[in-house]
Amino acid sequence: MATTRTDQIGQAAGKVADVLTGARTDTSGLMSAVIAYMGNANSPGRKDLHARARKAGLEDQVTRWENHPTNTSVDENVVTTLIPDPVIGRFSDETGLSRTATIKGLSDLLPHLARLDG
């Protein structure tokens, strides 16, 4: 699907806003949203993440994150595989981050799953 000129301008404006506001490095609001989504071990968000990981062949990786958190970011494709687009959109809306900054922030936060238990 071709990107319209308006979409391109909107994406460019989002990138500029992210840089000006430090959105790509300030993930405190996003962390709060992810904690609320992940909840405890039996929360719907965590169950959905595990189901999506299982389907994508990533469940071992998610289990490793839970047992041994790491500071290594994950690929943004992993983020969009594990977290449904509407949830990414909700995180973006809740935090005021662009979709791009939200995904980037999630790529940094996902390896810390064990620390996100409510």
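Position 1 is the first residue of the sequence, and the numbers go up from there. Below, each value reflects all heavy atoms present in this structure, side chains not excepted, and no hydrogens, waters or symmetry copies.
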Peer 1: So do Arg46 and Leu49 actually touch side chain to side chain, heavy atoms under 4.5 Å?
Peer 2: no
Peer 1: Not counting sequence neighbours, which residues clear side chain to side chain donor-acceptor pair (under 3.5 Å) with Asp85? List them please.
Peer 2: Arg99
Peer 1: Asp60: which residues meet the side chain to side chain contact (heavy atoms under 4.5 Å, CB included) condition with it, sequence neighbours left out?
Peer 2: Arg64
Peer 1: Keeping Asp48 on the side-chain end and Pro44 on the backbone end, is there a donor-acceptor pair under 3.5 Å?
Peer 2: no
Peer 1: Could you list the residues that satisfy side chain to side chain donor-acceptor pair (under 3.5 Å) with Ser73, not counting sequence neighbours?
Peer 2: Asp108
Peer 1: To check you understand the geometry: which heavy-atom pair defines the closest contact between Ala56 and Thr81, and what is its length?
Peer 2: CB-CG2, 3.5 Å
Peer 1: For residues Ala101 and Ser98, report the shortest heavy-atom separation together with the two atoms involved.
Peer 2: N-OG, 3.0 Å
Peer 1: Should Leu110 and Trp65 count as side-chain neighbours, where that means a heavy-atom distance under 4.5 Å?
Peer 2: yes
Peer 1: Looking at Asp75 and Asn77, what are the two nearest heavy atoms and their distance?
Peer 2: OD1-N, 2.7 Å
Peer 1: May I ask you to test the Pro111-Val74 pair for a side-chain heavy-atom distance under 4.5 Å?
Peer 2: yes
Peer 1: Please tell me if the side chains of Ile83 and Val34 come closer than 4.5 Å, counting only heavy atoms from C-beta onward.
Peer 2: no
Peer 1: So, for Tyr37 and Ser43, which heavy atoms are closest and what is the spacing to 0.1 Å?
Peer 2: O-OG, 3.8 Å
Peer 1: Go through the side-chain N and O atoms of Glu66 and His50 and say whether any donor and acceptor fall under 3.5 Å apart.
Peer 2: yes
Peer 1: Apply side chain to side chain contact (heavy atoms under 4.5 Å, CB included) to Asp93 and list each qualifying residue two or more places apart in sequence or on a separate chain.
Peer 2: none
Peer 1: What residues form a side chain to side chain donor-acceptor pair (under 3.5 Å) with Asn42, not counting sequence neighbours?
Peer 2: none
Peer 1: Residues in side chain to side chain contact (heavy atoms under 4.5 Å, CB included) with Ser92, at least two apart?
Peer 2: Thr102
Peer 1: If the condition is salt bridge (Lys or Arg N to Asp or Glu O under 4.0 Å), which residues does Glu76 pass it with, not counting sequence neighbours?
Peer 2: none
Peer 1: Could you tell me the separation between the CG atom of Leu109 and the NZ atom of Lys104, rounded to the nearest 0.5 Å?
Peer 2: 9.5 Å
Peer 1: To check you understand the geometry: which heavy-atom pair defines the closest contact between Arg52 and Thr80, and what is its length?
Peer 2: NH2-O, 3.7 Å
Peer 1: Kindly write out the residues that satisfy salt bridge (Lys or Arg N to Asp or Glu O under 4.0 Å) with Arg54, not counting sequence neighbours, or none if the list is empty.
Peer 2: Glu59
